[in-house]
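Notes follow the structure.
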Amino acid sequence: MIDFLMDAYPWVKSLHVISVIAWMAGLFYLPRLFVYHVEKVGSGNETDQLFQTMEVKLFRLIMNPSMIATWVFGLLLIATPGVVDWSAIWPWTKAAAVLGMTWFHHWLGRRRKEFIDGTSQHTGRQFRLMNEVPTLLMVVIVISVIARPF
C-alpha cells in the first residue's frame, strides 16, 4: 500500500487540488445565492422555487461530492509517507481550518433547508458576513501548506 501511495502521489495531489477548487467555488457561491434569495426573491413564488433548485443542485451535485473527494484525497495524502511532518505546527493549523471549512459547509446546508421550509431568519448582511468565512479559512490553509511559517 505504501508503494502505491508513493507512486500515486502526483495524481492524488492533483485530484485533491481539483476537488478543493470545486468545493471552494461552491462555498463562495452558495452564500451569495442566499444573499440574493433573501434580498430580492422572497418566498412562495416561482423565483423562490428557481433559487431553491439552484441552491439544492449546487449543494448536492457539486459541493457535497467535492467536499467528500477533498477529504478522501487529503487523507490519502496524509497516509503517504514523508508528506506530513506531524511534529510541525502547519498540519495542525491546516487541519483546524479544514474542520472549520467542513463546519461551514454543513452550516450552509442547514440554511438551505431553512429556505426549503420557509423558516429562513438570516438577513442578506448576515450571509455577506458569513461569506467571508471560507476566504479566511482558505488563507490559513494556503499559508499553512505553502509558506509553513509555523
Side-chain angles (χ1 to χ4, degrees), residues 5 8-80 83-84 86 88-150:
L5 288 174
Y9 174 76
W11 290 100
V12 172
K13 188 174 183 180
S14 297
L15 292 170
H16 180 67
V17 170
I18 292 166
S19 301
V20 168
I21 291 168
W23 188 26
M24 292 299 302
L27 291 173
F28 288 140
Y29 188 51
L30 189 57
R32 181 54 50 184
L33 283 177
F34 290 166
V35 168
Y36 298 138
H37 198 153
V38 167
E39 292 182 351
K40 305 290 183 196
V41 175
S43 62
N45 57 48
E46 191 174 312
T47 309
D48 175 43
Q49 291 301 310
L50 174 65
F51 267 73
Q52 286 186 39
T53 299
M54 291 187 305
E55 293 158 359
V56 165
K57 288 185 183 243
L58 175 61
F59 194 77
R60 287 188 183 163
L61 301 177
I62 296 172
M63 293 173 65
N64 280 343
S66 60
M67 179 190 68
I68 292 166
T70 296
W71 271 94
V72 167
F73 295 124
L75 291 172
L76 286 172
L77 289 172
I78 287 171
T80 304
V83 172
V84 179
W86 292 104
I89 296 173
W90 75 264
W92 302 105
T93 57
K94 179 188 177 183
V98 170
L99 288 173
M101 200 80 78
T102 303
W103 169 84
F104 184 69
H105 177 99
H106 292 290
W107 183 85
L108 290 173
R110 286 190 298 278
R111 302 300 74 83
R112 183 189 57 78
K113 288 179 182 177
E114 289 172 358
F115 278 109
I116 292 170
D117 297 338
T119 60
S120 178
Q121 299 292 320
H122 291 80
T123 66
R125 184 175 190 280
Q126 289 170 318
F127 284 125
R128 276 189 188 86
L129 289 172
M130 288 305 287
N131 200 29
E132 301 307 320
V133 170
T135 302
L136 296 172
L137 293 170
M138 177 192 63
V139 168
V140 170
I141 291 168
V142 170
I143 290 173
S144 293
V145 174
I146 305 295
R148 297 184 183 185
F150 322 109

Under the rule for side-chain hydrogen bond (donor to acceptor under 3.5 Å, both in side chains), what residues qualify as partners of W71, not counting sequence neighbours? T102
Heavy-atom pair with the smallest gap, counting every atom of L5 and A79: CD1-O, 3.5 Å
Give the minimum heavy-atom separation between F59 and G109, together with the two atoms involved. CZ-CA, 3.4 Å
Going by side-chain contact (heavy atoms from CB on, under 4.5 Å), name the residues that satisfy it together with V17, two or more places apart in sequence or in a different chain. I21
Can you tell if the side chain of Y36 reaches within under 4.5 Å of the side chain of M54, non-hydrogen atoms only? no
Which pair of non-hydrogen atoms, one from T135 and one from N131, has the smallest distance, and what is that distance? OG1-O, 4.0 Å
Would you call V20 and I141 a side-chain contact if the rule is heavy atoms closer than 4.5 Å? no
Check against ring pair (Phe, Tyr, Trp, His ring centres under 6.0 Å), F34 and F115: CA-CA 9 Å; F34 290 166; F115 278 109; 5.0 Å; yes
Taking R148 for the side chain and V145 for the main chain, is one N or O donor matched with an acceptor at less than 3.5 Å? yes
Work out which heavy atom in F104 is nearest to a heavy atom in P31; give both atom names and the distance. CZ-CG, 4.0 Å
Residues in salt bridge (charged side-chain N to carboxylate O under 4.0 Å, His left out) with R111, at least two apart? E114
Do W107 and R110 have side chains that approach each other closer than 4.5 Å (heavy atoms only, starting at C-beta)? yes
Set of residues satisfying side-chain hydrogen bond (donor to acceptor under 3.5 Å, both in side chains) with respect to S144, sequence neighbours excluded: T93
Check: L129 and R125 side chains under 4.5 Å, non-hydrogen atoms: yes
To the nearest 0.5 Å, atom OG1 of T47 lies from atom NZ of K40 at 13.0 Å
Mind listing the closest non-hydrogen atom pair of T70 and H16 along with its distance? O-ND1, 3.1 Å
Please answer whether the main-chain N or O of W86 pairs with a side-chain N or O of W92 as donor and acceptor at a distance below 3.5 Å. yes
Taking only residues two or more places apart in sequence or in another chain, which ones pass side-chain hydrogen bond (donor to acceptor under 3.5 Å, both in side chains) with R128? E39
Would you indicate whether the side-chain heavy atoms of F28 and R32 approach each other to under 4.5 Å? no
To the nearest 0.5 angstrom, please state how far the CE atom of M24 sits from the OG atom of S19. 13.0 Å
To the nearest 0.5 Å, how far apart are NE2 in H105 and CE in M101? 12.0 Å
What pairs with D48 under side-chain hydrogen bond (donor to acceptor under 3.5 Å, both in side chains), at least two apart in sequence or on another chain? H37, Q52
Is any side-chain heavy atom of L58 less than 4.5 Å from a side-chain heavy atom of L33? yes
Rounded to the nearest 0.5 Å, what's the gap from CD1 on I143 to NZ on K94? Could you check? 14.0 Å
To check you understand the geometry: which heavy-atom pair defines the closest contact between W90 and V83, and what is its length? CZ2-O, 4.1 Å
Okay, side chain of Q49, backbone of E46: is any donor-acceptor separation there less than 3.5 Å? no
Nearest-0.5 Å distance, NE2 of residue H106 to CZ of residue R112: 12.0 Å
Measure the shortest side-chain to side-chain distance between L108 and M63 over non-hydrogen atoms and say whether it is less than 4.5 angstrom. yes
